[in-house]
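Below: one structure, written as structure tokens.
Just follow the structure's listing: the first ligand is 1, and inside any ligand the first atom is 1. Numbers here simply count residues along the sequence, with the first being 1.
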Amino acid sequence: MISFKTDYLKGFVSDQDIKSMAGAVKQAHEDLQARKGKGAEFTGWLHWPSSISENFLKELQVLAAEVQKHSDCLVSIGIGGSYLGIRATLEFLGGTAKLPIYYAGHNISSDGLYELLETIKNKRLSVVVISKSGTTTEPAIAFRAVKKLLESKYSADELKKRIICVTDQKKGALRSMASKYGYRSFVIPDDVGGRFSVLTPVGLVPLALAGVDIHALVEGARKAEAEYAICDLEKNTCYRYAAIRNILYRKGKTIEVVSSFYPNVYYVAEWFKQLFGESEGKDGKGIFPASMMFSTDLHSMGQFMQEGERNIFETFIAIDKPRHDLPIPHDSDDLDGFNYVAGKSFDFVNKKAYEATAAAHFEGGVPNMTIGLCQADAFHLGHLFYFFEKAVAVSGYLRGINPFDQPGVEAYKKKMFALLGKK
Ligand code: PA5
């Protein structure tokens, strides 16, 4: 499971501070569980892991075997919640995918799309196009370009096997296309918002096709669903984390940096940023979610973290046991003077770098906590996804906002449509 270390909050968050949140956390818990809080119509993610049927997981495995047989690669088209969780999972799990995935539709870069089309044009292709609304510009126009390539290679019948849509049950352009052309399709539940959807068909379909162990991913989330349903601030680390964030925010810590010494966490942090940024950044307030990958960023942002404006708190994501470890070689000349670590493992040194950084940042005025995963596998990631989903919901309720809407995302779209002359 996951561990939660809070030693480096000392002097910033007291036990009394946390205890004083118990009543508000209980209220947030009750509102969430009883579906009577703000945005309750979008809390379908809460019991989603336990409601996924074994038959559905099997169906995806059968589809995956079929697609893997007739394809060299998969193009996953989507943006925001229809993109980040998929990429976060695949990058976190490293080179374990059976079918390479390319991503499109998360930007409008013509160079990026050109290069993608050049890379995939001679491969056997399948496409998963994901959009809850079915109307988002970026994935819609990327799908047009990828579909055109597919149409130049395959018959209409073959396209039915190679184009898979994940979208709303009834509305949106993607649903209309799936119905008209007979593309295979999966439904995104109405009551699950984009950024909470990684464990729905949004994530499970492309991840299954890529060969990820979706059973383990879902099992991890199910365990988290049970573990974090307990309304006890002592035992429920998810609620504790949510309470601590709010205490720190009230004390002027307005930026949360998610840091990791494990580069495979990079896109998990990107997913986190969408989840927390869209959920909490409202009414001119909210904790700004940022991320840093160490050691890399210690040599670029390390100075700011250590001595810049003290409005930051930090949440490390640590991995106890990496998939692989290597010894640092002995060198007979020792010209670089590093024989003192020869024979130690790289992960040992990485962990010392983490320990040193957490201590130094704390001493420099950055309170920090650590969420630790035993292993970088699908089970623990499923658990972590749910941990953060529930944490942001409780955090939002503690601040009295609706964590499930994102009205601000529309502002740029309206201006862009006006500039593009959309009728
Ligand atoms: O969280 C959200 O709802 C959004 O960021 C969406 O994930 C993103 O805009 C993609 O939307 P859609 O899946 O409708 O294309």
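- Under the 3.5 Å distance criterion, with hydrogens and angles disregarded, no donor-acceptor pair is assigned to the side chains of Asn107 and Tyr83.
- Cation-pi geometry between Lys147 and Tyr181 is met: under 6.0 angstrom from the ring centre, within 45 degrees of the axis.
- Considering only non-hydrogen protein atoms, atom 2 (C) of ligand 1 sits nearest to Glu278 OE1, 3.3 Å.
- For atom 11 (O) of ligand 1, the closest heavy atom belonging to the protein is Thr136 OG1, 3.6 Å.
- Counting only heavy atoms of the protein, atom 8 (C) of ligand 1 lies nearest to Ile79 O, 3.7 Å.
- With 3.5 Å as the limit, one finds no donor-acceptor pair spanning the side chains of Arg323 and Gln375.
- One side chain, Lys273 or Ser291, offers a donor N or O that lies under 3.5 Å from an acceptor on the other.
- Considering backbone and side-chain atoms alike, Gln274 places an N or O below 3.5 Å from some N or O of ligand 1.
- Nearest to atom 6 (C) of ligand 1 among the protein's heavy atoms is Gly81 N, 4.0 Å.
- Looking only at distances, a side-chain donor or acceptor of Arg35 sits under 3.5 Å from a matching main-chain atom of Thr43.
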